[in-house]
> 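Below are the structure tokens for one structure; questions will follow.
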Amino acid sequence: MEKTLIEVKYAITCNRNFDIIKNAAIAFENGKITYVGQIKNIPYSRSYFDNIILEEYGIAIPGLINCHTHAAMNLFRGACDDLPLKLWLEKKIWPLESKLTSEDLFYGNLSSFLEMLSSGTTTFVDFYYFNELIDALKVIPLRAVATIAFLDQVPDGEIYWRRFKELQKYFDMANSIGDELVKIALGPHAIYTCSKELLEKIMDVSEKHNLLVHMHVSETLDEVHFTKEKFGLTPIEYLDKIGILNEKMIAAHCVHLKDKDINILQKKKVNCVHNPSSNLKLADGVMPLSELLKAGINVCLGTDGAASSNSLNLFNEMRTAVLLQRGVNLDPKFPNAKDAFLMATANGARALGLDNHIGSIEENKKADIVIIDGKSPRLWPEYDIISNIVYSCTPADILFTIVNGKILYEKGKFPNIDIENIMGEFNKKALKLLNTIN
Ligand SMILES: [Zn+2]
């Protein structure tokens, strides 16, 4: 594989000391970082490299990690803007999903991959249609956690139980992408769509195969009322009683939490995914992010699908996460830009059990790297680079997105990808679908 050298003005390593290296060089080969440090100390001659990226004003950051999305929902962008979650699901999403074809999903996924790459995301956790996700990853290989969805409290819900017998098929599909790019999670959709028996079975299977569990948790007041009425417990208490809460749980949303819930989440080392734009747009409420972070809970960031938040841009989410807490708590100190940046990088890696591989720019980690254009008018002056990245940077400022050592996005272009064809097909299919529900 190619040996690549990057030389930039700054590398924000996101390592344990949060080192920011000035006049930085990053070398990688076979998808792995072999050197991070100052340009003057590079232990190789330039002729050693096949590819050299010189960006005099570049800022290298670890690839961003989107811990909760529904990639193919790009198909539904703008079609369901003004509904609460329950009606959003019942009136729009489920009728649309009943008409989806594999081709629709394939192009929906590809379109979201292009969006994520062009906004600096290298890893995402998907919760949607597994097979079509894998097909799309064969064309554009981002790093992903693919979730096998389970829900049995819906019509035809029993079919999902069969998936437990087909686990090997899912493992094989994920492995077919190669380079260990795809990891699997079990995905009980939510408390209100999954029986207790299903959740217990998922807990057993997760334990047996050491699999992540990815679930929508305490997203709306409806869900809280449902759980209270049916079980006399909060959603977190209920899940704790079943025994499903542990460090393998990726709990998306966690909007409505009591103090006792936060204690449980902390004790059980649950990873919580904050999706501020989606929660705001669906009028769900606001996660008590400050309290969760203060309790030492690992909180990462997600965009949710484009049907709910309309954008897969994690820069939006970093900024919104901070602003939202300030509006609610009237505390201008916490969380700050660095907290948000860690949520989108190191915390995400930890939630996925991938902290030895991604989430920071360090030797022996995977070369998942984004280079930002430090001479963008939005990013001057270079007084506080982290502040600039979190509050001012937009996808237009991204120069390169590199996944596993491969350049998948470069200055507005996607090397070796037929973007005209993908977007043409995607747009045609999305419009055809959306016109069926008018
Ligand atoms: Zn979601």
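When reading the values below, keep in mind they use all heavy atoms of this one structure, side chains included, and skip hydrogens, waters and symmetry mates. One-based numbering, in listed order, for ligands and for the atoms of each. Residue numbers count from 1 along this sequence. Quick caveat, the model's predicted, so the values are computed rather than measured.
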> Return yes if a side-chain donor-acceptor contact under 3.5 Å exists between Asn404 and Arg143, otherwise no.
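Yes, a side-chain donor-acceptor pair sits under 3.5 Å.
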
> Between Asp126 and His70, do the side chains contain an N or O donor and an N or O acceptor separated by less than 3.5 Å?
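Checked: Asp126/His70 side chains show no N/O donor-acceptor pair below 3.5 Å.
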
> Need one value: angle at the Zn ion (ligand 1), Asp304 atom OD1 versus His216 atom NE2, rounded to 10 degrees.
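So the angle at the metal works out to 180°.
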
> Which atom name does His68 have for its N/O/S atom nearest to the Zn ion (ligand 1)?
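The closest N, O or S atom of His68 to the Zn ion (ligand 1) is NE2.
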
> Is it true that some N/O/S atom of His70, main chain or side chain, lies under 2.8 Å from the Zn ion (ligand 1)?
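Yes.
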
> Between the side chain of Asp373 and the main-chain N/O of Ile398, is any donor-acceptor distance below 3.5 Å?
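Side chain of Asp373 to backbone of Ile398, a donor-acceptor pair under 3.5 Å: no, none is there.
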
> Quick one: do the His68 and His214 side chains pair a donor with an acceptor below 3.5 Å?
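Yes, side-chain donor-acceptor contact under 3.5 Å.
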
